[in-house]
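Some notes on the structure that comes next.
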Amino acid sequence: MKFSTKAIHAGQEPDPTTGAIIPPVYQTSTYVQEGLNQHKGFEYARTQNPTRFALEECLAALEGAKYGLCFGSGLAAEGNIMNLLSSGDHVICGDDVYGGTYRLFEKVWKRYGITFTYVDASDASKVKAAIQPNTKMIWIETPTNPLLRLCDIKAIAEVAKAGKQITVVDNTFASPYLQNPIALGADIVVHSVTKYIGGHSDVIGGAVLTSRDDLYETLKFHQNAVGAVPGPWDCWLVLRGVKTLAVRMEAHQKNAMTIAQYLEKHPAVEKVMYPGLPSHPQHALAKAQMNGFGGMVSFVLKGGEESARQFLGSTKLFSLAESLGGVESLVCHPVSMTHGSIPKAERDARGVVDALVRLSVGIEDIDDLVKDLEAGLAKVTVMAGSAK
Ligand SMILES: *Cc1c(COP(=O)(O)O)cnc(C)c1O
């Protein structure tokens with residue numbers, strides 16, 4: 001089966017009792033047992049829930065993984081992966097990962113004796129150089145947030161295989177439609193299903209996918225033992241959202257490409273970051289490891305922080321908000337919204353500058369979106385100077 005078919009059918013056989021074409025919301029905490037040790041494979045809903053199972057099977061199919069496990073949020077899914085480690089273990093992590101991932105590592109797991117080294121993972125040799133005798137895991141995100149840099153998944157997975165580390169890829173930004181890290185050699189894929197997979201900005205959830213039996217056993221044990229499972233309603237909402245993932249991603253990236261090209265020509269814009277542009281330093285890698293370039297576009301305005309202030313809040317369709325991946329367009333100012341906790345000097349050094357703007361391009365009509373950006377950019381006074 002191809003992707004769109006799997007998104008609609010995998011894990012979602014018609015309900016055997018009624019023929020309901022959509023898996024029901026099994027809103028139950030427990031299951032009646034026929035007798036001692038006689039049951040239908042369902043005992044207690046933290047451990048087994050048919051709505052959750054349907055979602056887990058569907059997402060595993062979409063990532064080309066043998067197993068899927070779902071969680072109450074993307075961060076709960078990440079915590080589940082960290083449960084694979086023990087005190088004394090070391091993790092190499094990309095230095096441009098989701099802020100919440102950095103916080104989870106630095107403020108939570110570090111206290112339990114796990115150590116972290118952050119490296120520029122867009123260079124696989126830097127990952128290799130950071131390996132220590134106790135390095136158990138390599139954690140990357142690609143494309144990264146908000147700079148949309150890429151990591152070479154295949155190259156990093158090879159580095160890890162040599163040293164026997166577990167390679168984890170946060171595939172949230174690409175979605176399983178555009179990138180399948182397991183096929184490139186990664187051991188574990190993690191998603192915030194809150195973003196493209198859910199796709200409608202109405203649910204928080206996470207997923208962990210793997211094809212390794214040994215890892216799955218431990219991950220599944222902790223899913224139940226720690227207990228950060230999603231409720232059946234949330235699973236049902238994600239199942240409804242994911243059915244249209246393929247068509248949504250096509251629409252997202254078509255709009256994103258047009259917008260990236262439009263911005264690149266705009267006199268108020270200094271620089272556009274989008275893996276689909278030939279000007280992107282890793283455009284060739286994007287073509288090789290992704291099946292498309294996604295719906296996220298970042299750009300730097302001319303004129304610094306003042307320009308960002310003039311532009312942000314002056315768009316009407318692009319709503320000022322954190323998050324991404326929904327059908328509606330969002331605009332975000334990383335420096336004051338998602339990356340504010342990083343000191344300015346370090347932000348600047350990484351390229352997260354004051355005039356950086358990140359767009360999550362939705363699937364509204366492209367003419368309306370461009371008009372909206374046009375109106376917002378007209379508020380940027382530096383443009384008047386450069387247009388003269
Ligand atoms: C949002 C996000 C997360 C965290 O997911 P939640 O569902 O908010 O817990 C992790 N990684 C990336 C790349 C994200 O965008």
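Order of listing sets the numbers, starting from 1, for every ligand and every atom in it.
Residue pairs meeting the ring-ring contact (aromatic ring centres under 6.0 Å, His included) criterion with at least one member in residues 145-178, sequence neighbours excluded, are Phe3-Tyr177.
The pair Lys371-Asp367 does not count as a salt bridge, with every side-chain nitrogen at least 4.0 angstrom from each carboxylate oxygen.
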Considering only N or O atoms, set out every pair between ligand 1 and the protein closer than 3.5 Å, with distances to one decimal place.
residue, atom, partner, partner atom, Å
ligand 1, 5 (O), Ser192, OG, 3.0
ligand 1, 7 (O), Gly74, N, 2.9
ligand 1, 7 (O), Ser192, OG, 2.8
ligand 1, 7 (O), Thr194, OG1, 2.7
ligand 1, 9 (O), Gly74, N, 3.0
ligand 1, 9 (O), Leu75, N, 2.9
ligand 1, 11 (N), Asp170, OD2, 2.7
ligand 1, 15 (O), Lys195, NZ, 2.7

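Ring planes of Tyr31 and Phe42: tilted class, angle from 30 to 60°. Using bins of under 30°, 30° to 60° and over 60° for the plane-to-plane angle, the ring pair Phe116/Tyr118 lands in the parallel bin.
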Please tabulate, for side-chain N and O atoms in residues 153-162, each donor-acceptor pair with protein atoms closer than 3.5 Å (sequence neighbours left out).
residue, atom, partner, partner atom, Å
Lys161, NZ, Gly185, O, 2.9

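Judged as a side chain to side chain donor-acceptor pair (under 3.5 Å), and not counting sequence neighbours, the contacts of Thr101 are Glu78.
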